[in-house]
Amino acid sequence: MRRGFDDVRPVHGFAFGVLSEGPTTTSGLAAALGTSKQAAAQLVDHLVQHGYLTRESDARDRRAQLLVVTARGHACTAAAEQSAAEVVQSWRESVPAQAFPVFVDVLHGIARPGRLRPAW
């Protein structure tokens, strides 16, 4: 990836989307992503090993570990947001100004509202 985060894949963005709402457990992440706990654990292991997340003790349940986004994880999500903004800007420059609101309405009509989930 040209922004320096070549060790993340699109599926990691879905995890960051869940974690942007606050820390959660691996089980909570699995439920939010609609995947198995084993698959979520592999995803989490990768993100922890590469410095995007940490595991921290949950003060409410000593058996649980909360997943917390690190500064590197926040930088990665900021880079993704910047990339998305650049794509939207390129659309804005490609579509005539008077047609852009219609273009946006069409996109909203195609996209489902709510949080994106991976299509496993």
Side-chain angles (χ1 to χ4, degrees):
M1 177 183 264
R2 68 184 170 116
R3 295 187 188 267
F5 299 100
D6 57 351
D7 52 357
V8 293
R9 299 185 327 266
V11 68
H12 297 131
F14 293 105
F16 286 129
V18 172
L19 291 164
S20 71
E21 297 172 6
T24 190
T25 61
T26 300
S27 295
L29 181 62
L33 295 177
T35 189
S36 69
K37 291 178 188 176
Q38 294 81 3
Q42 288 179 345
L43 186 144
V44 166
D45 285 345
H46 176 87
L47 293 173
V48 168
Q49 289 169 2
H50 290 88
Y52 296 100
L53 301 179
T54 59
R55 292 182 178 102
E56 299 180 9
S57 296
D58 185 345
R60 296 170 296 160
D61 180 353
R62 294 189 181 242
R63 297 168 296 160
Q65 289 190 324
L66 293 175
L67 305 172
V68 179
V69 180
T70 64
R72 179 170 168 78
H74 287 295
C76 182
T77 58
E81 290 170 354
Q82 181 62 36
S83 290
E86 289 172 7
V87 168
V88 172
Q89 182 59 33
S90 73
W91 293 343
R92 190 177 299 281
E93 293 168 1
S94 299
V95 176
Q98 68 276 15
F100 192 76
V102 174
F103 176 72
V104 170
D105 287 344
V106 169
L107 289 178
H108 285 151
I110 294 170
R112 292 184 180 181
R115 184 184 327 140
L116 293 174
R117 291 179 46 158
W120 307 107

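Along the sequence shown, the residues carry numbers beginning at 1. Reckoned from all heavy atoms, side chains included, excluding hydrogens, waters and symmetry mates.
For Ser20, there are no side chain to side chain contact (heavy atoms under 4.5 Å, CB included) partners at least two apart in sequence or on another chain. Every side chain to side chain contact (heavy atoms under 4.5 Å, CB included) that Asp61 has, sequence neighbours left out, goes to Asp58, Arg63, Ala64. Annotation: side-chain hydrogen bond (donor to acceptor under 3.5 Å, both in side chains) contacts of Glu81 (sequence neighbours excluded): none. Among residues two or more places apart in sequence or in another chain, the side chain to side chain contact (heavy atoms under 4.5 Å, CB included) test is passed with Thr70 by Thr54, Arg72. In terms of the side chain to side chain contact (heavy atoms under 4.5 Å, CB included) criterion, residue partners of Ala99 (sequence neighbours excluded) are, by chain and number, Val95, Pro96.
When side chains are defined from C-beta on, Thr25 counts as touching Leu66, because their heavy atoms get closer than 4.5 Å.
In the hydrophobic clustering of ILVMFWY residues, with side-chain heavy atoms under 4.5 Å counting as a link, Val68 and Tyr52 come out apart. Taken together through direct or relayed side-chain contacts under 4.5 Å among Ile, Leu, Val, Met, Phe, Trp and Tyr, Val104 and Ile110 form parts of separate hydrophobic clusters. By the rule that hydrophobic residues join a cluster once side-chain heavy atoms approach within less than 4.5 Å of another member, Phe100 and Leu107 end up as members of one cluster.
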Extract all donor-acceptor atom pairs below 3.5 Å that involve side chains of residues 40-49 and protein atoms in other chains or at least two apart in sequence.
residue : atom : partner : partner atom : Å
Asp45   : OD1  : Arg55   : NH2          : 2.4
His46   : NE2  : Asp7    : O            : 2.5

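Distance check, rounded to the nearest 0.5 Å: CG of Leu29 to CG of Leu19 gives 5.5 Å.
Minimum interatomic distance between Ala79 and Phe5 (heavy atoms only, all atoms of both residues): CB-CE1, 3.7 Å.
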